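Structure first, commentary second.
What you are looking at is a predicted structure, and each value in this text was computed from that prediction instead of being measured.
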Amino acid sequence: MDEKLEALSENVENAEKEAVSKNFIEQIIDRDIAEGRCRQVVTRFPPEPNGYLHIGHAKSILLNCGLAKKYGGKFNLRFDDTNPTKEKTEFVESIIEDVKWIGGDFEDRLFFASNYFGEMYEGALRLIRKGKAYVCDLSADEIREYRGTLTEPGKNSPYRERSVEENLDLFERMKNGEFPDGSKVLRAKIDMASPNINMRDPVIYRVARLTHHNTGDQWCIYPMYDYAHPIEDAIEGVTHSICTLEFEDHRPLYDWVVRELEYENPPKQIEFAKQYLTNVVTGKRYIKKLVEQGVVDGWDDPRLVTISALRRRGFTPESIRMFMELCGVSKANSSADYAMLEYCIREDLKLKRPRIMAVLDPVKLVITNYPEGKVEYLTAQNNPENKEMGTRLIPFSRELYIEREDFMIDPPKKYFRLYPGNEVRLMNAYFVKCTDYVTDEQGNVTEIRCTYDPETKSDSGFSGRKVKGTIHWVSALHAVQVTARLYENLIDEEKGVYNEEDGSMNLNPNSVTVCDRCCVEPAVQGAKPYASFQFLRNGFFCVDYKDTTDERLVFNRIASLKSSYKPEAK
RNA sequence: UGGGCUAUCGCCAAAUGGUAAGGCACUGGAUUCUGAUUCCAGCAGUUCAAGGUUCGAAUCCUUGUAGCCCAGCCA
């Protein structure tokens with residue numbers, strides 16, 4: 001009794017601790033709420049539509065969305081599309097799809113920074129009138145020279161002291177297209193001697209005649225990120241603008257813009273460390289190279305960690321959310337083991353997916369004392385750990401396929417599977433004892449012969465003797481032929497992702513193994529793209545949407561099952 | 001060599017001056033019709049280092065060390 005009470009109070013304590021253990025961003029928000037700086041939390045995910053989202057973006061989406069949910073606030077999806085050179089509508093579509101899939105619920109709040117160009121232009125005018133911005137005629141090269149270096153201060157631009165009137169006139173003419181691309185910029189007038197290079201009169205508007213995916217040819221001047229972003233946040237009433245660590249140095253400029261433009265309830269920028277995964281390629285340039293070289297079959301190749309690739313491989317949004325939850329949020333650069341992600345997907349699929357038998361590398365097994373031509377339908381649980389998933393019937397007959405690995409002529413110690421003279425259980429069926437085997441001229445096993453014991457039928461209550469091994473099988477006559485691909489890391493884990501000498505990638509030449517003779521029990525028939533299963537003893541597999549045809553199912557292995565079996569020397 | 005940031009187990013990560021949570025990985029062992037799952041046990045004599053303050057330091061101070069980011073009219 002005392003023990004129980006103790007355990008109970010311990011549980012309560014733990015629950016409390018868990019509730020108290022908040023990440024550093026939640027602690028900041030708590031303080032902002034307690035001190036009255038914030039009424040309702042508003043966050044946003046602000047991608048530039050210039051590529052596909054990957055697992056790192058998933059962290060940001062889930063963090064922002066999760067925070068809004070936790071505090072009863074709002075979460076926006078906003079495209080940060082202020083630089084038309086790199087942006088495409090194609091990407092806005094794929095990003096929306098990925099954000100929704102991963103569970104980033106922005107409801108009806110889909111925004112575009114480009115819709116705020118007018119307000120940004122007005123803001124620039126205000127800055128000019130306040131004497132806080134000026135038009136500069138220096139070339140890009142000259143601006144760089146004037147900027148100074150990390151250790152030396154910069155010099156003032158000769159155009160820095162232009163009058164408000166002249167600046168107003170020039171800026172309007174920039175907008176009207178009177179000056180060629182790159183000939184003039186608008187700069188914030190801050191401090192050319194600042195130790196923070198971002199504060200050395202940063203460029204806030206450039207002239208560029210580009211067709212924008214959203215605004216077309218309406219504008220020929222475009223605002224820069226540092227100027228635009230705080231305005232976007234302020235317009236949307238974002239309270240906590242969460243970004244990655246490399247923007248820490250930009251925060252003073254973010255605050256400067258918000259202050260000079262006199263926004264009430266100014267948004268606050270908070271930086272966190274990116275989510276890295278060990279030995280995984282996330283760089284756009286590198287993925288592009290892999291696609292171009294044909295190493296992978298697209299941005300959604302199952303070995304990649306773009307969101308579309310994870311989806312194709314068979315990861316679920318739940319598993320990715322669990323992974324992010326497990327990783328936590330901090331300001332320390334770190335890199336999570338892929339094993340953690342695998343743990344999450346196994347955990348998620350364990351009780352949710354049917355467990356069926358599939359033989360990846362088949363070898364024939366003949367039951368010599370089983371009548372020829374007889375077919376028996378055996379009952380199996382679809383998921384023994386989740387009875388609600390019901391049962392199915394599996395055909396059993398004289399000729400079966402079993403896994404080549406599950407038979408050895410001359411096995412080492414502690415090999416529990418089939419070998420001459422040994423008896424094992426055929427899962428969901430009978431005990432079977434190896435009596436003989438046939439090999440070809442090269443010595444490869446082509447057929448295994450066994451006898452079965454009808455008394456040992458599964459669920460018959462037989463307890464006469466025990467057997468060490470249980471193996472899976474498929475009736476030869478009824479087998480569905482499919483293709484299964486087994487993946488290893490794309491990267492050679494010994495060497496790490498990048499080759500330091502030439503910047504190339506250290507690829508693992510065996511990152512994919514194709515089993516094209518894979519035999520599965522009839523239950524797979526009719527499986528649709530993205531459907532997934534546990535193939536007993538082999539792992540979780542998902543129907544590939546790209547390569548599956550009406551004639552043939554193609555499966556990708558999502559993750560293997562853990563195994564403590566180590567083949568040992570005799 | 002200017003500025004900003006970070007450092008707690010193999011990998012993540014808590015701890016907010018009160019005596020190092022948790023998860024992944026790993027290692028035993030039990031149960032098992034999946035060598036899976038589940039269960040149980042183990043896994044930081046000390047928090048980058050060295051000094052100091054304190055009854056008490058991962059937390060405060062001092063001095064170092066290491067790593068990451070910044071010199072786009074990219075985001």
Please work out if Val467(A) contacts a base, only the sugar-phosphate, or nothing of the nucleic acid, heavy-atom cut-off 4.0 Å. nothing

Select base, sugar-phosphate, or nothing to describe what Glu385(A) touches, counting heavy atoms under 4.0 Å on all strands. base

NA contact type, Asp249(A), heavy-atom cut-off 4.0 Å: base, sugar-phosphate, or nothing? base

Checking all strands, does Arg251(A) fall into the base, sugar-phosphate, or nothing category for heavy-atom contacts under 4.0 angstrom? nothing

Indicate, with a heavy-atom threshold strictly under 4.0 Å, whether Leu351(A) touches base, sugar-phosphate, or nothing. nothing

Any base atoms under 4.0 Å from Tyr222(A), or only sugar-phosphate, or nothing? Heavy atoms, all strands. nothing

Do NZ/NE/NH1/NH2 and the carboxylate oxygens of Lys562(A) and Glu342(A) come within less than 4.0 Å? no

At 4.0 Å (heavy atoms only), tell me whether Asp459(A) reaches a base, stays on the sugar-phosphate, or touches nothing. base

5'-most contact on RNA chain B: Arg355(A) or Val203(A), nearest heavy atom basis? Arg355(A)

Is Ser194(A) touching bases, backbone alone, or none of the nucleic acid, heavy atoms closer than 4.0 Å? nothing

With distance as the sole criterion, is a donor-acceptor pair present between the side chains of Glu236(A) and Asn76(A) under 3.5 Å? yes

With a 4.0 Å cut-off on heavy atoms, is Arg425(A) in touch with a base, just the backbone sugar-phosphate, or nothing at all? base

Hey, are Glu178(A) and Arg173(A) close enough for a salt bridge, meaning a charged N less than 4.0 Å from a carboxylate O? yes

Side chains of Asn422(A) and Tyr415(A): any donor to acceptor distance under 3.5 Å? no

Report which part of the nucleic acid Lys414(A) touches: base, sugar-phosphate, or nothing (heavy-atom distance under 4.0 Å, all strands). base

Please determine if Arg557(A) forms a cation-pi arrangement with Phe535(A), meaning its NZ or CZ atom is less than 6.0 Å from the six-membered ring centre and no more than 45° off the ring axis. no

Scan nucleotides 25-32 of chain B against the protein and return all N/O pairs shorter than 3.5 Å with their distances rounded to 0.1 Å.
from: rC26(B); atom 1: OP2; to: Lys562(A); atom 2: NZ; distance (Å): 3.3

Identify whether NZ of Lys or CZ of Arg in Lys457(A) sits under 6.0 Å from the centre of the six-membered ring of Phe462(A) and within 45° of that ring's axis. no

